[in-house]
Number of protein chains: 2
Amino acid sequence: MRNIKLLIEYDGTNFVGWQIQPNGRSVQGEIKKAIKQITGEDVNLIGASRTDAGVHARGQVANFKSQTKIPVENLKKALNSILPDDIVIHSVEEVPDDFHARYSAIEKTYRYFITQNKIAIGRNYIWFVKYEIDFQKLEECARLITGKHDFEIFSKKGTNVKNYICDVKFAEWKKENDKLIFTITANRFLYGMVRGLVGAMIDVARGRFEIDVFKKMLIEKSNQAELMHAPANGLFLEEIRY
Amino acid sequence: MRNIKLLIEYDGTNFVGWQIQPNGRSVQGEIKKAIKQITGEDVNLIGASRTDAGVHARGQVANFKSQTKIPVENLKKALNSILPDDIVIHSVEEVPDDFHARYSAIEKTYRYFITQNKIAIGRNYIWFVKYEIDFQKLEECARLITGKHDFEIFSKKGTNVKNYICDVKFAEWKKENDKLIFTITANRFLYGMVRGLVGAMIDVARGRFEIDVFKKMLIEKSNQAELMHAPANGLFLEEIRY
(Lines give C-alpha, C1' and ligand atoms only; values in the text may rest on other atoms or scores of the structure.)
Protein backbone atom coordinates (compact mmCIF):
# COMPACT_ATOMS: atom_id res chain seq x y z
CA MET A 1 0.00 0.00 0.00
CA ARG A 2 1.21 3.50 -0.77
CA ASN A 3 0.83 6.24 1.82
CA ILE A 4 -0.35 9.44 0.11
CA LYS A 5 -0.08 12.89 1.66
CA LEU A 6 -2.23 15.82 0.50
CA LEU A 7 -1.69 19.55 1.04
CA ILE A 8 -5.13 21.14 0.96
CA GLU A 9 -6.59 24.64 0.74
CA TYR A 10 -10.28 25.24 1.36
CA ASP A 11 -12.77 28.00 1.83
CA GLY A 12 -14.67 26.92 4.95
CA THR A 13 -17.71 29.14 4.30
CA ASN A 14 -19.98 26.45 2.89
CA PHE A 15 -18.72 23.45 4.88
CA VAL A 16 -19.84 21.95 8.19
CA GLY A 17 -16.10 21.66 8.86
CA TRP A 18 -13.34 19.22 8.01
CA GLN A 19 -14.96 16.14 9.45
CA ILE A 20 -17.71 14.04 7.89
CA GLN A 21 -21.02 14.63 9.63
CA PRO A 22 -24.44 13.09 9.11
CA ASN A 23 -25.89 16.33 7.77
CA GLY A 24 -24.04 18.74 5.55
CA ARG A 25 -21.09 19.09 3.30
CA SER A 26 -17.67 18.32 4.80
CA VAL A 27 -14.19 18.78 3.32
CA GLN A 28 -13.21 15.24 4.32
CA GLY A 29 -16.38 13.88 2.70
CA GLU A 30 -15.80 15.71 -0.59
CA ILE A 31 -12.17 14.55 -0.84
CA LYS A 32 -13.03 10.94 0.09
CA LYS A 33 -15.71 10.94 -2.60
CA ALA A 34 -13.24 12.27 -5.20
CA ILE A 35 -10.64 9.63 -4.25
CA LYS A 36 -13.28 6.92 -4.59
CA GLN A 37 -14.24 8.21 -8.01
CA ILE A 38 -10.60 8.08 -9.15
CA THR A 39 -9.30 4.90 -7.47
CA GLY A 40 -12.47 3.01 -6.61
CA GLU A 41 -11.24 2.78 -3.02
CA ASP A 42 -13.09 3.77 0.13
CA VAL A 43 -10.05 5.19 1.92
CA ASN A 44 -9.55 6.24 5.52
CA LEU A 45 -8.70 9.91 5.03
CA ILE A 46 -6.86 11.26 8.08
CA GLY A 47 -6.83 15.03 8.49
CA ALA A 48 -4.26 16.83 10.64
CA SER A 49 -6.75 19.27 12.05
CA ARG A 50 -10.51 19.05 12.54
CA THR A 51 -11.41 22.60 11.57
CA ASP A 52 -14.91 23.83 12.47
CA ALA A 53 -17.67 25.05 10.17
CA GLY A 54 -16.62 28.32 8.54
CA VAL A 55 -12.91 27.95 9.38
CA HIS A 56 -10.58 28.17 6.38
CA ALA A 57 -7.37 26.33 5.60
CA ARG A 58 -4.44 27.24 3.41
CA GLY A 59 -2.31 24.41 4.75
CA GLN A 60 -4.46 21.47 5.87
CA VAL A 61 -2.66 18.14 5.54
CA ALA A 62 -4.27 14.71 5.15
CA ASN A 63 -3.07 11.22 4.32
CA PHE A 64 -4.56 7.93 3.17
CA LYS A 65 -3.39 4.44 2.25
CA SER A 66 -4.08 3.32 -1.30
CA GLN A 67 -3.37 0.53 -3.80
CA THR A 68 -3.58 2.95 -6.72
CA LYS A 69 -0.67 3.09 -9.15
CA ILE A 70 -1.58 6.53 -10.49
CA PRO A 71 1.47 8.87 -10.35
CA VAL A 72 1.12 11.64 -7.75
CA GLU A 73 1.04 14.49 -10.31
CA ASN A 74 -1.81 12.83 -12.19
CA LEU A 75 -3.62 12.16 -8.94
CA LYS A 76 -3.37 15.87 -8.12
CA LYS A 77 -4.79 16.88 -11.50
CA ALA A 78 -7.59 14.32 -11.27
CA LEU A 79 -8.54 15.43 -7.75
CA ASN A 80 -8.60 19.11 -8.70
CA SER A 81 -10.70 18.44 -11.75
CA ILE A 82 -13.32 16.54 -9.71
CA LEU A 83 -13.35 18.54 -6.46
CA PRO A 84 -15.75 21.49 -6.00
CA ASP A 85 -14.06 24.86 -6.43
CA ASP A 86 -13.92 25.64 -2.70
CA ILE A 87 -11.30 22.88 -2.27
CA VAL A 88 -7.90 22.93 -4.01
CA ILE A 89 -5.19 20.27 -3.63
CA HIS A 90 -1.81 22.01 -3.76
CA SER A 91 0.37 18.93 -3.60
CA VAL A 92 0.20 15.14 -3.60
CA GLU A 93 3.23 13.20 -2.34
CA GLU A 94 4.08 9.64 -1.49
CA VAL A 95 5.35 9.46 2.10
CA PRO A 96 6.82 6.71 4.34
CA ASP A 97 4.36 4.18 5.67
CA ASP A 98 4.46 5.53 9.23
CA PHE A 99 3.50 9.07 8.30
CA HIS A 100 0.24 10.04 10.04
CA ALA A 101 -1.23 13.47 9.24
CA ARG A 102 -2.39 14.00 12.84
CA TYR A 103 0.13 12.15 15.02
CA SER A 104 3.25 13.03 13.03
CA ALA A 105 2.58 16.78 13.25
CA ILE A 106 5.20 18.69 15.27
CA GLU A 107 3.55 22.09 15.24
CA LYS A 108 0.69 23.97 13.64
CA THR A 109 0.19 27.61 12.80
CA TYR A 110 -3.16 29.40 12.77
CA ARG A 111 -3.90 32.96 11.79
CA TYR A 112 -6.87 35.12 12.75
CA PHE A 113 -7.91 38.20 10.73
CA ILE A 114 -9.84 41.18 12.10
CA THR A 115 -10.99 44.31 10.28
CA GLN A 116 -11.93 47.54 12.00
CA ASN A 117 -13.89 48.76 8.95
CA LYS A 118 -17.08 47.03 7.89
CA ILE A 119 -16.52 45.46 4.47
CA ALA A 120 -18.58 43.55 1.91
CA ILE A 121 -15.78 42.15 -0.27
CA GLY A 122 -13.99 39.34 1.56
CA ARG A 123 -16.36 39.45 4.56
CA ASN A 124 -16.27 35.64 4.83
CA TYR A 125 -12.54 35.78 5.55
CA ILE A 126 -12.38 38.30 8.37
CA TRP A 127 -14.09 39.31 11.61
CA PHE A 128 -15.44 42.87 11.75
CA VAL A 129 -14.78 44.37 15.21
CA LYS A 130 -16.41 47.76 15.56
CA TYR A 131 -15.02 48.57 19.04
CA GLU A 132 -11.99 50.72 19.63
CA ILE A 133 -9.02 48.44 20.27
CA ASP A 134 -5.99 49.09 22.46
CA PHE A 135 -3.31 47.40 20.37
CA GLN A 136 -0.74 47.40 23.21
CA LYS A 137 -3.09 45.25 25.27
CA LEU A 138 -3.29 42.74 22.43
CA GLU A 139 0.50 42.61 22.36
CA GLU A 140 0.62 42.11 26.13
CA CYS A 141 -1.87 39.23 25.92
CA ALA A 142 0.17 37.58 23.16
CA ARG A 143 3.27 37.72 25.37
CA LEU A 144 1.32 36.09 28.23
CA ILE A 145 0.11 33.26 25.99
CA THR A 146 3.59 32.29 24.83
CA GLY A 147 5.01 29.20 26.55
CA LYS A 148 3.45 26.12 28.13
CA HIS A 149 -0.01 26.67 29.63
CA ASP A 150 -3.19 24.82 30.42
CA PHE A 151 -5.64 26.21 27.87
CA GLU A 152 -8.76 24.27 28.92
CA ILE A 153 -10.67 27.42 29.80
CA PHE A 154 -10.33 28.78 26.25
CA SER A 155 -11.41 25.58 24.54
CA LYS A 156 -14.89 24.33 23.78
CA LYS A 157 -16.32 21.42 25.74
CA GLY A 158 -17.34 18.09 24.31
CA THR A 159 -14.13 16.32 23.36
CA ASN A 160 -12.38 13.39 25.01
CA VAL A 161 -9.12 15.23 25.51
CA LYS A 162 -7.65 14.94 29.02
CA ASN A 163 -4.40 16.82 28.61
CA TYR A 164 -4.93 20.55 28.17
CA ILE A 165 -1.30 21.64 28.15
CA CYS A 166 -0.18 23.25 24.91
CA ASP A 167 3.26 24.65 24.19
CA VAL A 168 2.85 27.98 22.37
CA LYS A 169 6.08 28.67 20.47
CA PHE A 170 4.96 31.89 18.87
CA ALA A 171 2.07 34.32 19.40
CA GLU A 172 1.97 37.75 17.80
CA TRP A 173 -0.45 40.50 16.79
CA LYS A 174 0.30 42.65 13.75
CA LYS A 175 -1.36 45.76 12.42
CA GLU A 176 -1.73 46.17 8.64
CA ASN A 177 -3.71 49.27 7.72
CA ASP A 178 -7.15 48.70 9.28
CA LYS A 179 -6.47 44.98 9.79
CA LEU A 180 -5.34 43.18 12.94
CA ILE A 181 -3.69 39.82 12.34
CA PHE A 182 -2.97 37.28 15.06
CA THR A 183 -0.51 34.45 14.38
CA ILE A 184 -0.08 31.53 16.76
CA THR A 185 2.16 28.47 16.51
CA ALA A 186 1.94 25.61 19.01
CA ASN A 187 2.73 21.92 19.29
CA ARG A 188 -1.02 21.24 19.54
CA PHE A 189 -4.34 23.05 19.85
CA LEU A 190 -7.51 22.27 21.80
CA TYR A 191 -10.96 22.37 20.22
CA GLY A 192 -12.03 26.02 19.78
CA MET A 193 -8.86 27.28 21.48
CA VAL A 194 -7.72 29.94 18.99
CA ARG A 195 -11.20 31.43 18.76
CA GLY A 196 -11.45 31.43 22.58
CA LEU A 197 -8.09 33.17 22.91
CA VAL A 198 -8.90 35.76 20.23
CA GLY A 199 -12.29 36.44 21.82
CA ALA A 200 -10.71 36.96 25.24
CA MET A 201 -7.88 39.14 23.92
CA ILE A 202 -10.32 41.37 22.02
CA ASP A 203 -12.43 41.66 25.18
CA VAL A 204 -9.33 42.87 27.05
CA ALA A 205 -8.31 45.25 24.26
CA ARG A 206 -11.77 46.81 24.01
CA GLY A 207 -11.97 47.22 27.78
CA ARG A 208 -14.66 44.64 28.51
CA PHE A 209 -12.40 43.17 31.19
CA GLU A 210 -8.96 43.81 32.66
CA ILE A 211 -5.80 42.07 31.61
CA ASP A 212 -5.61 40.60 35.14
CA VAL A 213 -8.77 38.64 34.42
CA PHE A 214 -7.09 37.27 31.29
CA LYS A 215 -3.97 36.42 33.30
CA LYS A 216 -6.07 34.51 35.84
CA MET A 217 -7.79 32.60 33.06
CA LEU A 218 -4.40 31.59 31.78
CA ILE A 219 -2.64 30.86 35.06
CA GLU A 220 -5.35 29.86 37.56
CA LYS A 221 -7.99 28.72 35.05
CA SER A 222 -10.42 30.98 36.88
CA ASN A 223 -13.21 32.19 34.63
CA GLN A 224 -14.52 35.46 36.02
CA ALA A 225 -15.79 36.78 32.74
CA GLU A 226 -18.04 35.06 30.26
CA LEU A 227 -15.74 33.90 27.49
CA MET A 228 -16.66 34.98 23.98
CA HIS A 229 -15.42 32.83 21.12
CA ALA A 230 -14.43 34.86 18.05
CA PRO A 231 -16.41 33.87 14.93
CA ALA A 232 -15.15 31.06 12.68
CA ASN A 233 -14.83 33.09 9.47
CA GLY A 234 -11.70 35.01 10.60
CA LEU A 235 -9.70 31.84 11.32
CA PHE A 236 -7.20 30.18 8.96
CA LEU A 237 -5.20 26.98 9.41
CA GLU A 238 -2.01 28.21 7.79
CA GLU A 239 0.63 25.53 8.12
CA ILE A 240 1.49 22.19 9.71
CA ARG A 241 5.08 21.23 10.33
CA TYR A 242 6.26 17.60 10.36
CA MET B 1 -35.49 68.28 -1.77
CA ARG B 2 -32.04 67.17 -0.61
CA ASN B 3 -29.68 65.46 -3.05
CA ILE B 4 -27.96 62.55 -1.28
CA LYS B 5 -24.78 60.88 -2.54
CA LEU B 6 -23.76 57.37 -1.47
CA LEU B 7 -20.34 55.70 -1.68
CA ILE B 8 -20.99 51.96 -1.95
CA GLU B 9 -18.99 48.75 -1.68
CA TYR B 10 -20.49 45.45 -2.74
CA ASP B 11 -19.58 41.85 -3.34
CA GLY B 12 -21.11 41.14 -6.75
CA THR B 13 -21.11 37.34 -6.37
CA ASN B 14 -24.77 36.94 -5.46
CA PHE B 15 -26.23 39.83 -7.47
CA VAL B 16 -27.65 39.99 -10.99
CA GLY B 17 -25.68 43.25 -11.17
CA TRP B 18 -26.22 46.86 -10.12
CA GLN B 19 -29.46 47.41 -12.00
CA ILE B 20 -32.91 46.26 -10.95
CA GLN B 21 -34.08 43.36 -13.08
CA PRO B 22 -37.33 41.42 -13.14
CA ASN B 23 -35.69 38.27 -11.77
CA GLY B 24 -32.96 38.24 -9.17
CA ARG B 25 -31.36 40.31 -6.49
CA SER B 26 -29.82 43.63 -7.60
CA VAL B 27 -27.69 46.09 -5.65
CA GLN B 28 -29.89 48.99 -6.75
CA GLY B 29 -33.01 47.10 -5.66
CA GLU B 30 -31.62 46.28 -2.20
CA ILE B 31 -30.58 49.89 -1.55
CA LYS B 32 -33.87 51.33 -2.85
CA LYS B 33 -35.74 48.95 -0.53
CA ALA B 34 -33.61 50.02 2.45
CA ILE B 35 -34.17 53.73 1.67
CA LYS B 36 -37.91 53.13 1.47
CA GLN B 37 -37.86 51.36 4.83
CA ILE B 38 -36.07 54.33 6.43
CA THR B 39 -37.69 57.32 4.72
CA GLY B 40 -40.93 55.89 3.34
CA GLU B 41 -39.93 57.27 -0.07
CA ASP B 42 -39.76 55.41 -3.37
CA VAL B 43 -36.66 57.20 -4.65
CA ASN B 44 -35.01 57.24 -8.08
CA LEU B 45 -31.61 55.79 -7.23
CA ILE B 46 -29.07 56.73 -9.91
CA GLY B 47 -25.91 54.61 -10.04
CA ALA B 48 -22.71 55.83 -11.70
CA SER B 49 -21.93 52.47 -13.27
CA ARG B 50 -24.17 49.56 -14.25
CA THR B 51 -21.91 46.73 -13.18
CA ASP B 52 -22.77 43.24 -14.44
CA ALA B 53 -23.63 40.12 -12.45
CA GLY B 54 -20.58 38.99 -10.46
CA VAL B 55 -18.67 42.28 -10.83
CA HIS B 56 -17.60 43.85 -7.52
CA ALA B 57 -17.41 47.48 -6.46
CA ARG B 58 -15.31 49.18 -3.87
CA GLY B 59 -16.24 52.66 -5.08
CA GLN B 60 -19.68 52.65 -6.69
CA VAL B 61 -21.44 56.03 -6.37
CA ALA B 62 -25.18 56.65 -6.42
CA ASN B 63 -27.47 59.59 -5.69
CA PHE B 64 -31.15 60.19 -4.98
CA LYS B 65 -33.46 63.09 -4.14
CA SER B 66 -35.23 62.92 -0.80
CA GLN B 67 -37.43 64.93 1.57
CA THR B 68 -35.98 63.17 4.60
CA LYS B 69 -34.55 65.30 7.41
CA ILE B 70 -32.44 62.49 8.85
CA PRO B 71 -28.79 63.65 9.26
CA VAL B 72 -26.39 61.94 6.84
CA GLU B 73 -24.45 60.05 9.56
CA ASN B 74 -27.68 58.54 10.93
CA LEU B 75 -28.80 57.68 7.43
CA LYS B 76 -25.52 55.81 6.89
CA LYS B 77 -25.95 53.84 10.12
CA ALA B 78 -29.58 53.04 9.35
CA LEU B 79 -28.75 51.86 5.81
CA ASN B 80 -25.89 49.64 6.99
CA SER B 81 -28.04 48.09 9.70
CA ILE B 82 -30.78 47.19 7.20
CA LEU B 83 -28.74 46.24 4.12
CA PRO B 84 -27.60 42.63 3.55
CA ASP B 85 -23.96 42.03 4.43
CA ASP B 86 -22.77 41.96 0.81
CA ILE B 87 -23.47 45.71 0.54
CA VAL B 88 -21.76 48.34 2.72
CA ILE B 89 -22.34 52.10 2.53
CA HIS B 90 -19.04 53.86 3.24
CA SER B 91 -20.30 57.43 3.13
CA VAL B 92 -23.49 59.45 2.85
CA GLU B 93 -23.19 63.13 1.87
CA GLU B 94 -25.51 65.93 0.92
CA VAL B 95 -24.44 67.32 -2.49
CA PRO B 96 -25.56 70.26 -4.70
CA ASP B 97 -28.84 69.81 -6.52
CA ASP B 98 -27.22 69.36 -9.94
CA PHE B 99 -24.97 66.44 -8.90
CA HIS B 100 -25.80 63.35 -10.97
CA ALA B 101 -23.93 60.12 -10.16
CA ARG B 102 -23.67 59.13 -13.83
CA TYR B 103 -23.47 62.40 -15.79
CA SER B 104 -21.25 64.30 -13.35
CA ALA B 105 -18.55 61.62 -13.38
CA ILE B 106 -15.24 62.81 -14.91
CA GLU B 107 -13.39 59.49 -14.84
CA LYS B 108 -13.70 55.95 -13.53
CA THR B 109 -11.13 53.39 -12.49
CA TYR B 110 -11.56 49.64 -12.79
CA ARG B 111 -9.20 46.92 -11.68
CA TYR B 112 -8.99 43.32 -12.86
CA PHE B 113 -7.33 40.56 -10.79
CA ILE B 114 -5.81 37.38 -12.18
CA THR B 115 -4.14 34.52 -10.32
CA GLN B 116 -1.80 32.01 -11.90
CA ASN B 117 -2.32 29.52 -9.06
CA LYS B 118 -5.66 27.82 -8.58
CA ILE B 119 -7.09 28.96 -5.24
CA ALA B 120 -10.13 28.19 -3.10
CA ILE B 121 -9.99 31.13 -0.68
CA GLY B 122 -11.02 34.32 -2.45
CA ARG B 123 -11.87 32.54 -5.72
CA ASN B 124 -14.90 34.81 -6.23
CA TYR B 125 -12.60 37.83 -6.46
CA ILE B 126 -10.08 36.70 -9.05
CA TRP B 127 -9.78 34.94 -12.39
CA PHE B 128 -7.61 31.80 -12.46
CA VAL B 129 -5.57 31.71 -15.69
CA LYS B 130 -3.67 28.46 -16.03
CA TYR B 131 -1.77 29.37 -19.21
CA GLU B 132 1.77 30.66 -19.23
CA ILE B 133 1.67 34.43 -19.62
CA ASP B 134 4.21 36.68 -21.35
CA PHE B 135 4.06 39.70 -19.04
CA GLN B 136 5.87 41.99 -21.50
CA LYS B 137 3.09 41.47 -24.01
CA LEU B 138 0.53 42.52 -21.41
CA GLU B 139 2.54 45.69 -20.84
CA GLU B 140 2.72 46.34 -24.59
CA CYS B 141 -1.05 45.95 -24.91
CA ALA B 142 -1.62 48.37 -22.03
CA ARG B 143 0.54 50.97 -23.80
CA LEU B 144 -1.50 50.52 -27.00
CA ILE B 145 -4.79 51.01 -25.14
CA THR B 146 -3.78 54.31 -23.60
CA GLY B 147 -5.26 57.35 -25.33
CA LYS B 148 -8.45 57.98 -27.34
CA HIS B 149 -9.75 54.95 -29.22
CA ASP B 150 -12.94 53.47 -30.56
CA PHE B 151 -13.53 50.47 -28.26
CA GLU B 152 -16.74 49.14 -29.85
CA ILE B 153 -15.11 45.84 -30.75
CA PHE B 154 -14.30 45.07 -27.10
CA SER B 155 -17.75 45.92 -25.78
CA LYS B 156 -20.83 43.74 -25.57
CA LYS B 157 -23.74 44.40 -27.89
CA GLY B 158 -27.22 45.39 -26.88
CA THR B 159 -26.97 48.95 -25.63
CA ASN B 160 -28.16 52.19 -27.21
CA VAL B 161 -24.74 53.81 -27.16
CA LYS B 162 -23.70 55.42 -30.47
CA ASN B 163 -20.38 56.96 -29.50
CA TYR B 164 -17.69 54.35 -28.88
CA ILE B 165 -14.77 56.69 -28.27
CA CYS B 166 -13.26 56.44 -24.80
CA ASP B 167 -10.29 58.39 -23.55
CA VAL B 168 -8.06 56.02 -21.56
CA LYS B 169 -5.93 58.13 -19.23
CA PHE B 170 -4.13 55.24 -17.57
CA ALA B 171 -3.72 51.53 -18.30
CA GLU B 172 -1.20 49.37 -16.50
CA TRP B 173 -0.45 45.75 -15.63
CA LYS B 174 1.31 44.93 -12.36
CA LYS B 175 2.76 41.69 -11.04
CA GLU B 176 2.34 40.91 -7.32
CA ASN B 177 3.64 37.44 -6.44
CA ASP B 178 1.46 35.08 -8.48
CA LYS B 179 -1.12 37.79 -9.18
CA LEU B 180 -1.53 39.96 -12.26
CA ILE B 181 -3.44 43.19 -11.70
CA PHE B 182 -4.73 45.42 -14.48
CA THR B 183 -5.74 49.01 -13.67
CA ILE B 184 -7.56 51.20 -16.17
CA THR B 185 -8.82 54.77 -15.82
CA ALA B 186 -10.94 56.41 -18.53
CA ASN B 187 -13.46 59.18 -18.96
CA ARG B 188 -16.09 56.55 -19.78
CA PHE B 189 -16.43 52.81 -20.40
CA LEU B 190 -18.61 50.82 -22.79
CA TYR B 191 -20.69 47.84 -21.69
CA GLY B 192 -18.36 44.84 -21.11
CA MET B 193 -15.33 46.80 -22.31
CA VAL B 194 -12.86 46.04 -19.50
CA ARG B 195 -13.62 42.32 -19.64
CA GLY B 196 -13.26 42.39 -23.43
CA LEU B 197 -9.91 44.16 -23.20
CA VAL B 198 -8.61 41.81 -20.47
CA GLY B 199 -9.75 38.76 -22.43
CA ALA B 200 -7.98 39.98 -25.59
CA MET B 201 -4.78 40.95 -23.75
CA ILE B 202 -4.60 37.56 -22.04
CA ASP B 203 -5.12 35.88 -25.42
CA VAL B 204 -2.15 37.85 -26.77
CA ALA B 205 0.01 37.13 -23.72
CA ARG B 206 -0.71 33.39 -23.81
CA GLY B 207 0.00 33.25 -27.53
CA ARG B 208 -3.52 32.60 -28.81
CA PHE B 209 -3.07 35.46 -31.26
CA GLU B 210 -0.42 38.01 -32.20
CA ILE B 211 -0.18 41.52 -30.85
CA ASP B 212 -0.81 42.77 -34.42
CA VAL B 213 -4.28 41.27 -34.27
CA PHE B 214 -4.86 43.19 -31.05
CA LYS B 215 -3.54 46.38 -32.69
CA LYS B 216 -5.92 45.94 -35.60
CA MET B 217 -8.84 45.42 -33.20
CA LEU B 218 -7.92 48.68 -31.56
CA ILE B 219 -7.09 50.76 -34.63
CA GLU B 220 -9.08 49.31 -37.52
CA LYS B 221 -11.84 47.65 -35.48
CA SER B 222 -11.13 44.49 -37.45
CA ASN B 223 -12.02 41.36 -35.54
CA GLN B 224 -9.89 38.53 -36.84
CA ALA B 225 -10.00 36.49 -33.67
CA GLU B 226 -13.00 35.47 -31.64
CA LEU B 227 -13.01 37.83 -28.68
CA MET B 228 -13.11 36.18 -25.28
CA HIS B 229 -14.56 38.25 -22.42
CA ALA B 230 -12.75 37.68 -19.12
CA PRO B 231 -15.09 36.41 -16.37
CA ALA B 232 -16.97 38.90 -14.18
CA ASN B 233 -15.56 37.79 -10.81
CA GLY B 234 -12.09 39.32 -11.39
CA LEU B 235 -13.45 42.81 -12.05
CA PHE B 236 -13.71 45.63 -9.50
CA LEU B 237 -15.13 49.12 -9.92
CA GLU B 238 -12.56 50.92 -7.79
CA GLU B 239 -13.21 54.64 -7.95
CA ILE B 240 -15.22 57.35 -9.63
CA ARG B 241 -13.91 60.91 -9.85
CA TYR B 242 -16.21 63.94 -9.99
Side-chain angles (χ1 to χ4, degrees), chain A residues 6-15 18 25 27 30-31 34 51 54-60 76-92 110-111 113 115-128 130 177-178 231-239, chain B residues 6-15 18 25 27 30-31 34 51 54-60 76-92 110-111 113 115-128 130 177-178 231-239:
Chain A
L6 307 176
L7 178 65
I8 309 157
E9 174 187 341
Y10 49 85
D11 178 331
T13 310
N14 299 316
F15 289 110
W18 164 263
R25 217 174 144 249
V27 181
E30 294 292 331
I31 299 175
T51 57
V55 175
H56 315 290
R58 270 189 267 258
Q60 173 73 286
K76 182 183 155 190
K77 272 184 206 156
L79 282 168
N80 281 327
S81 73
I82 289 174
L83 283 167
D85 65 358
D86 45 2
I87 304 177
V88 173
I89 307 294
H90 284 299
S91 80
V92 180
Y110 281 90
R111 225 166 245 144
F113 292 81
T115 175
Q116 296 250 252
N117 282 329
K118 196 168 158 55
I119 52 164
I121 295 162
R123 71 197 176 283
N124 291 331
Y125 306 124
I126 204 156
W127 180 27
F128 166 53
K130 63 181 171 190
N177 305 318
D178 60 332
N233 62 330
L235 185 58
F236 288 71
L237 170 57
E238 291 285 347
E239 203 189 341
Chain B
L6 307 176
L7 179 65
I8 309 158
E9 173 186 342
Y10 49 85
D11 178 331
T13 310
N14 299 316
F15 288 109
W18 163 262
R25 217 174 142 248
V27 181
E30 293 293 330
I31 299 176
T51 57
V55 174
H56 314 290
R58 269 189 267 259
Q60 174 71 289
K76 182 183 153 188
K77 273 184 204 156
L79 282 168
N80 281 326
S81 73
I82 290 174
L83 284 167
D85 65 358
D86 45 2
I87 303 176
V88 173
I89 307 294
H90 284 300
S91 80
V92 180
Y110 281 89
R111 224 166 245 144
F113 292 82
T115 174
Q116 296 251 252
N117 282 328
K118 196 167 156 58
I119 54 164
I121 294 162
R123 71 198 176 284
N124 290 330
Y125 306 124
I126 203 156
W127 180 28
F128 167 52
K130 63 181 170 190
N177 305 318
D178 60 332
N233 62 330
L235 184 59
F236 288 71
L237 170 57
E238 291 285 347
E239 203 191 341

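Letters go in sequence order (proteins before strands), and every chain restarts at 1. What you see is a predicted model; the values in this text were computed from it and never measured.
Interface check for chain B: of the options A/H56, A/E9, A/H90, A/R58, the most heavy-atom pairs under 4.5 Å are formed by A/E9. Annotation: maximal heavy-atom pairing with chain A below 4.5 Å, among B/A57, B/G12, B/G122, occurs at B/G122. Ranking B/N80, B/I87, B/V88, B/N124 against chain A, the residue ahead of the rest is B/V88, based on heavy-atom pairs under 4.5 Å.
In this structure a side-chain-to-backbone donor-acceptor pair under 3.5 Å is missing from B/Y125 to A/I121.
The line from NZ of A/K118 to CG of B/D85 is 6.0 Å long, rounded to the nearest 0.5 Å.
Contact of B/L83 with chain A is not made at all, since no heavy-atom distance falls under 4.5 Å. Looking at B/F128, there are no atoms closer than 4.5 Å to chain A (heavy atoms on both sides), in backbone or side chain. The contact between B/Y10 and chain A is made entirely by backbone atoms, counting heavy-atom distances below 4.5 Å.
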